[in-house]
2 protein chains.
Amino acid sequence: MILKVIAYARNGHTDKFGIPRQSRDASPIETRIVFEPEYRVPEALRGIEGYSHLWLIWGFSENQSPETKLIAPLRQRTTNHQSPITWSPTVRPPRLGGNKRMGVFATRSPFRPNPLGLSSVRLLRIEDEDLIVSGADLLDGTPIYDIKPYLSFSDSHEDAKNGFAEETADYQLKVVWEATMETYLSTLPAHYQHIGSTSVAEWKHAVEYILSQDPRPGYQDDPEREYKLDYDGITVTFLVQNDTVIIKNIQKMQKDLHK
Amino acid sequence: MILKVIAYARNGHTDKFGIPRQSRDASPIETRIVFEPEYRVPEALRGIEGYSHLWLIWGFSENQSPETKLIAPLRQRTTNHQSPITWSPTVRPPRLGGNKRMGVFATRSPFRPNPLGLSSVRLLRIEDEDLIVSGADLLDGTPIYDIKPYLSFSDSHEDAKNGFAEETADYQLKVVWEATMETYLSTLPAHYQHIGSTSVAEWKHAVEYILSQDPRPGYQDDPEREYKLDYDGITVTFLVQNDTVIIKNIQKMQKDLHK
């Protein structure tokens, strides 16, 4: 089957680091789903406002060769999507510390025979012909192939057994600010703000949420190590000590994604 | 993106009529997922037995031109998959009686820009390198593109608002037998039994479940009208009167699907 891109996801996650490992209903992070011209038809959304949640089927577009990443315009980014992807029967889930192998079909790893992602998201509102959703675990610019309503009577299994993912599902870190960001935010160009946060409070809330989920690779636990999170045009530098994230610095992102 | 078929679904649903409209956890109907040679690798399933439910992402292969349907071998069936599919911004869901139009992204209709299906199924067991699942709403021979573990903490939204699908979710019919089937079942060729039911009791249980879900097109309610359900090599003739299905006759299926 040949899939056509029906829409692209736009949000503040311009870098893979910090993207939630799964979609989460509690996430405050908003993603705008922008339909491609052929599918940007108001009638195609008729009745969708009756649903609280939607499914997105999307492509792991970061599985690309480095040269085609980020600097290329969105459509160009996904054109050669398939070529560099290989599959391996086993993968090393970050949840297990990155050193234990599981079968690829027992994981949500991007490195699968068909690099499709699946996320349930909360439908917040419709703006123009865009869908605004929260809870998505998608990179900015991710191609979307299908959108379906979430049906609780067939899709919800509250007591499902979660295999190896079970034990770490509720792990959260505290977040402490040792940096102030007001001066940086006020200098941001307008186009960053339209794809992600619309206020300082919203940006701060989103960053706190991302960091509370512990974006570090699972096998790293060095209290002196500095990490950098890019979110919505701003780079956050932080440490993790015990169960606390300490934000040391914030600054305007160095690379310009939208040239 | 070009999708590769990783597996095919095998079950008793050799005809579209009678397939559940959505996957259902309560369904007793078993589906065997048979991997294609390249993906038939035991390591790829390592750890999957820890999960009670799986996601299947699959192709609506019945959206094909009639000539290529059913009589062709499985692989041939899906080769020209894409060509006859068109999309329309609105569809008429059977749930709404088939005469009200909803936006395609507010439905699970097969007639979508990318004809992908999504089903959560219960993992019953692994046999050889096949997965045996229940609750699938898939036709026999459906191509499968991805299998993922179901994660309750990201995928389950017990209180999701189900839009127009809400009100009819729990509707069920009673089933009454006016026909006996033992003589027919004993004459069935062995290959029918391996793809679906393994005993008379199992076949009967499956058929009762299918009929209780009311497989009639939503807009039909004629108590004199005879319907035919093909399941696992046997054709069941029935009427629906008030809230009761009356099974009038059973016989060996006329067409041979496996020639």
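Below, read A as the first sequence line, B as the second, and so on, with proteins coming before strands; counting in each chain starts at 1. When reading the values below, keep in mind they use all heavy atoms of this one structure, side chains included, and skip hydrogens, waters and symmetry mates.
- For B/V41, the part lying near chain A is the side chain, with the backbone staying farther off; criterion is any non-hydrogen pair under 4.5 Å.
- Contact annotation for B/L118: both backbone and side-chain heavy atoms come within less than 4.5 Å of a heavy atom of chain A.
- The shortest heavy-atom contact between B/P149 and A/T107 is CD-O, 3.3 Å.
- Atom-to-atom distance recorded for B/M1:CE and A/W58:CH2 is 9.5 Å, nearest 0.5 angstrom.
- Two residues are said to be in side-chain contact when any heavy atoms from C-beta on lie closer than 4.5 Å; B/K4 and A/W87 fail this criterion.
- Here the closest non-hydrogen pair linking A/A106 and B/G47 is CB-C, 3.8 Å.
- To the nearest 0.5 Å, the span separating CG on A/N114 from CG on B/L3 amounts to 4.5 Å.
- By the 6.0 Å contact criterion, CZ on A/R92 is open, its count of non-hydrogen atoms from other residues, nucleotides or ligands being 12 or less.
- Separation of the A/F105 and B/F35 ring centroids falls under the 6.0 Å cut-off.
- In plain terms, the two heavy atoms of A/S52 and B/A160 that are nearest each other are OG-CA, 3.2 Å.
- Chosen from B/L45, B/L116, B/T90, the residue pairing most often with chain A at heavy-atom distances under 4.5 Å is B/L116.
- The shortest heavy-atom contact between A/S23 and B/S154 is O-CB, 2.8 Å.
- For the options B/Q22, B/E158, B/E43, B/M102, heavy-atom pairs under 4.5 Å to chain A are most numerous at B/E158.
- Contact check for B/W55 versus A/R108: side-chain heavy atoms found under the 4.5 Å cut-off.
- With contacts defined as side-chain heavy-atom distances shorter than 4.5 Å, the pair A/D146/B/R112 qualifies.
- The aromatic rings of A/H157 and B/H53 sit parallel to each other, their planes meeting at less than 30°, with 60° as the upper class boundary.
- Using a 4.5 Å cut-off between heavy atoms, B/E49 touches chain A through its backbone atoms (N, CA, C, O) alone.
- Side-chain contact, A/D155 with B/S120: no donor N or O sits under 3.5 Å from an acceptor N or O.
- Both the backbone and the side chain of A/I147 come within less than 4.5 Å of a heavy atom in chain B.
- Proximity to chain A (any heavy atom under 4.5 Å) is shown, for B/R101, by both the backbone and the side chain.
- In plain terms, the two heavy atoms of A/Y150 and B/S156 that are nearest each other are OH-CA, 3.4 Å.
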